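Just so you know, ligand 1 is whichever comes first in the structure, and atom 1 is the first atom listed for that ligand. Note that the structure is a prediction, hence the values are computed from the model and not measured.
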Amino acid sequence: MRTRTQVGIVGAGPAGLLLSHLLALRGIDSVLIEIRSREYCEARQRAGVLEDGSVALLREANLASRLDRQGLEHGGIYLQFDGQRRHIDFRELTGGRSVTVYAQTEVVKDLIARRIADSGRDAISFSVTETEVAELDTASPVLRYTDAAGTRHEVTCDAIAGCDGFHGICRPAIPAGVLTTWERDYPYAWLGILADVPPSTDELIYAHHCDGFALHSLRSPTVSRLYLQVDPDEVVANWPDERVWAELSRRFELPGWTLERGPVLDKSITPMRSFVSAPMRYGRLFLAGDAAHIVPPTGAKGLNLALADVAVLAPALDALLHGDEQPAAGYSATCLDRVWRSTHFSWWMTTMLHRTPGADEMTTQLQLSQLRYVTSSRAAATSLAENYTGWPPLSRLRSHADQDR
Ligand code: FAD
Ligand code: DHB
């Protein structure tokens, strides 16, 4: 079946879903395709922290009614090391900025529900197969896919957005030699659990421990999310619930404080990688989110970067469709400035907090020195707080994008 749309969007993760909504608000049609089922997309456990700029963006786009009711605003984090737990007060250090704990699963559910409420069941084609993008260097790029009922589609577009994550098809469709990529693998992974137990802390705890990093996050007043540094080739089967809780209790140990335990609802292992490819555009194909860049999860930047990219891309596509090429020409550079800042911050947090297998005692002493500095110098703490809450602030990035018009 041959059809036409203004923007073809590959991937219904946070980037693709928000882009289709922001375009619809501007009166722009899109076709959004996704290889997974709706149920799978809504259940996939991933990130949990939104920068204040991401919250403002979702509010402005009228997507925050549940987020405003259920999101938990946090004004800081704890850093634990060397037997002490020290607070970093974001509000005080940054003139009132904060983050909100609200799971990516909930952001995705809200976005899917809104697209379907606004544009009907066909707003998103789930469970498609044989996806292809072609004619990318022409004014009419083409998106091809087979829908869940087996019908083959060929959609002629004015532009295509590759929001299909790190393992998608869009970035590899760009001819060899166009992209420059930078990549770093880390010699560890995260084992994450979701547990049906009230959090044992009021704010997130990032813990440095001689046996490896641990993070105490949460999902709600009754559900906790916790992570443990494990070897990169670890498998979930080696980690029965009792072993996970015992290891978490050891790494968070502090006199007078107890980690509450509860039934484990989900358990998975996530590899850690830094990856950037540039430019984020080839002809009429625009890459956004994990399709263009990956950060290790320490610092919770991945989801926020994906939302930031499409906040810049939506007005740039609007201008392009109205004959103004300039914002689209600036899209990649505008986003990459923030991408590199988050890439540096995530790498810095990761290397400060994790145990590198085989590293000598001097490496540990350097980490502890940095942790003491960050928790005692106002300037160093402010730098952490600015980056954690989002730098440059998303509002500044968006007004830059507007000035390109
Ligand atoms: P994605 O969410 O990956 O969405 C891409 C979508 O495209 C997917 O739904 C995929 O099924 C679909 N797709 C792929 N190929 C095709 C195709 N050919 N055709 C159609 N659709 C396709 N970040 C944090 O900040 N904290 C965390 O704790 C954290 N944990 C993570 C755990 C895991 C296992 C992973 C993979 C990521 C994690 N992240 C975390 C990162 C964060 O979740 C991502 O940065 C965020 O999901 C990026 O959104 P996106 O829309 O760009 O990509
Ligand atoms: C969460 C994940 C992170 O990577 C992080 O730095 C903080 C919180 C989370 O899943 O809640």
Side-chain angles (χ1 to χ4, degrees), residues 8-20 31-38 40-51 54 72 74 77 99-105 107-108 111-112 124-133 143-146 160-173 189-194 199 203-206 213 215-220 223-227 266 268-273 275 287-310 313 339 342 345-346 349-350 353 388:
I9 305 176
V10 188
L17 286 162
L18 180 61
L19 180 64
S20 72
V31 165
L32 172 54
I33 61 164
E34 166 60 50
I35 48 171
R36 301 289 193 168
S37 66
R38 178 175 179 179
Y40 183 94
C41 293
E42 291 186 340
R44 195 164 34 191
Q45 290 300 325
R46 287 190 169 177
V49 176
L50 293 171
E51 297 169 0
S54 300
L72 302 166
H74 282 194
I77 56 167
V99 294
T100 296
V101 177
Y102 189 67
Q104 180 167 330
T105 45
V107 174
V108 165
L111 282 162
I112 291 175
I124 310 164
S125 292
F126 287 103
S127 305
V128 304
T129 54
E130 302 172 295
T131 52
E132 275 176 60
V133 291
L143 175 62
R144 297 191 191 96
Y145 63 97
T146 303
I160 292 180
C163 302
D164 49 347
F166 184 67
H167 299 289
I169 52 144
C170 289
R171 194 180 65 255
W190 276 15
L191 172 89
I193 62 161
L194 193 67
E203 289 184 337
L204 273 62
I205 309 169
Y206 288 80
F213 169 73
L215 169 62
H216 190 331
S217 182
L218 51 138
R219 287 293 174 263
S220 73
V223 176
S224 299
R225 176 86 170 140
L226 297 115
Y227 298 94
D266 186 88
S268 62
I269 292 185
T270 308
M272 317 253 297
R273 177 185 284 128
F275 173 86
L287 299 178
D290 278 15
H293 41 75
I294 298 273
V295 288
T298 334
K301 290 291 149 205
L303 168 60
N304 291 290
L305 280 181
L307 300 179
D309 285 353
V310 299
L313 184 54
V339 166
S342 291
F345 177 66
S346 307
M349 284 281 278
T350 299
L353 288 162
Y388 198 102

Side chain or backbone, does [X] bring an N or O within less than 3.5 Å of an N or O on ligand 2?
{"X": "Y227", "value": "yes"}
{"X": "G299", "value": "yes"}
{"X": "L204", "value": "no"}
{"X": "W190", "value": "no"}
{"X": "P297", "value": "yes"}
{"X": "Y388", "value": "no"}

* Asked: Where the closest heavy atom to atom 11 (O) of ligand 2 is concerned, which of G192, S224, S217, P296 has it?
  -> S217
* Under 3.5 Å donor-acceptor, S20 side chain and L17 backbone -> yes
* Under the 3.5 angstrom rule, does the side chain of D164 hit a backbone N or O of I169 as a donor-acceptor pair? -> yes
* To do: Cation-pi check, R273 to F275: give yes when NZ or CZ is under 6.0 Å from the six-membered ring centre and within 45° of the ring axis, no otherwise.
  => no
* Quick one: is the NZ or CZ of R219 closer than 6.0 Å to the six-membered ring centre of Y102, and within 45° of its axis? -> no
Is [X] close to ligand 1, meaning an N/O of one under 3.5 Å from an N/O of the other?
{"X": "G302", "value": "yes"}
{"X": "W190", "value": "no"}
{"X": "P14", "value": "yes"}
{"X": "Q45", "value": "no"}
{"X": "A15", "value": "yes"}

Among all the protein's non-hydrogen atoms, which is closest to [atom], and how far away is it?
{"atom": "atom 10 (C) of ligand 1", "result": "E34 OE2, 3.5 Å"}
{"atom": "atom 46 (C) of ligand 1", "result": "Q104 NE2, 3.7 Å"}
{"atom": "atom 14 (C) of ligand 1", "result": "D164 O, 3.1 Å"}
{"atom": "atom 1 (P) of ligand 1", "result": "R46 NH1, 3.3 Å"}
{"atom": "atom 4 (O) of ligand 1", "result": "G13 CA, 3.4 Å"}
{"atom": "atom 52 (O) of ligand 1", "result": "D290 N, 2.8 Å"}
{"atom": "atom 23 (N) of ligand 1", "result": "A47 CB, 3.4 Å"}

* Per-atom contacts, ligand 1 versus R36 - under 4.0 Å to a heavy atom -> 11 (O)
Where's the contact between [X] and ligand 1, heavy-atom distance under 4.0 Å: side chain, backbone, both or neither?
{"X": "C163", "result": "backbone"}
{"X": "Y227", "result": "side chain"}
{"X": "H167", "result": "neither"}
{"X": "A306", "result": "side chain"}
{"X": "L303", "result": "backbone"}
{"X": "I35", "result": "both"}

* To do: Please determine, by modelled atom types, if R225 and Y227 share a side-chain donor-acceptor pair under 3.5 angstrom.
  => yes
* Could you tell me whether the side chains of D290 and H167 share a donor-acceptor contact shorter than 3.5 Å? => no
Going by the order shown, which atoms of ligand 2 are within less than 4.0 Å of some heavy atom of [X]?
{"X": "R46", "answer": "10 (O)"}
{"X": "Y206", "answer": "5 (C), 6 (O), 7 (C)"}
{"X": "V49", "answer": "7 (C), 8 (C)"}

* What distance separates I294 CD1 from S346 OG, expressed to the nearest 0.5 Å? -> 11.0 Å
* To do: Mind checking the CG-CG spacing from L19 to L307? Nearest 0.5 Å is all I need.
  => 11.0 Å
* Search all heavy atoms of A12 against all heavy atoms of E34 and return the closest pair with its distance. => N-OE1, 2.7 Å
* Asked: In terms of ring plane angle, is the pair F345 and Y388 parallel, tilted or perpendicular, where the classes change at 30° and 60°?
  -> perpendicular
* Looking at atom 39 (N) of ligand 1, is any protein heavy atom nearer than 4.0 Å to it? -> no
* Any R219 heavy atom less than 4.0 Å from ligand 2 -> yes
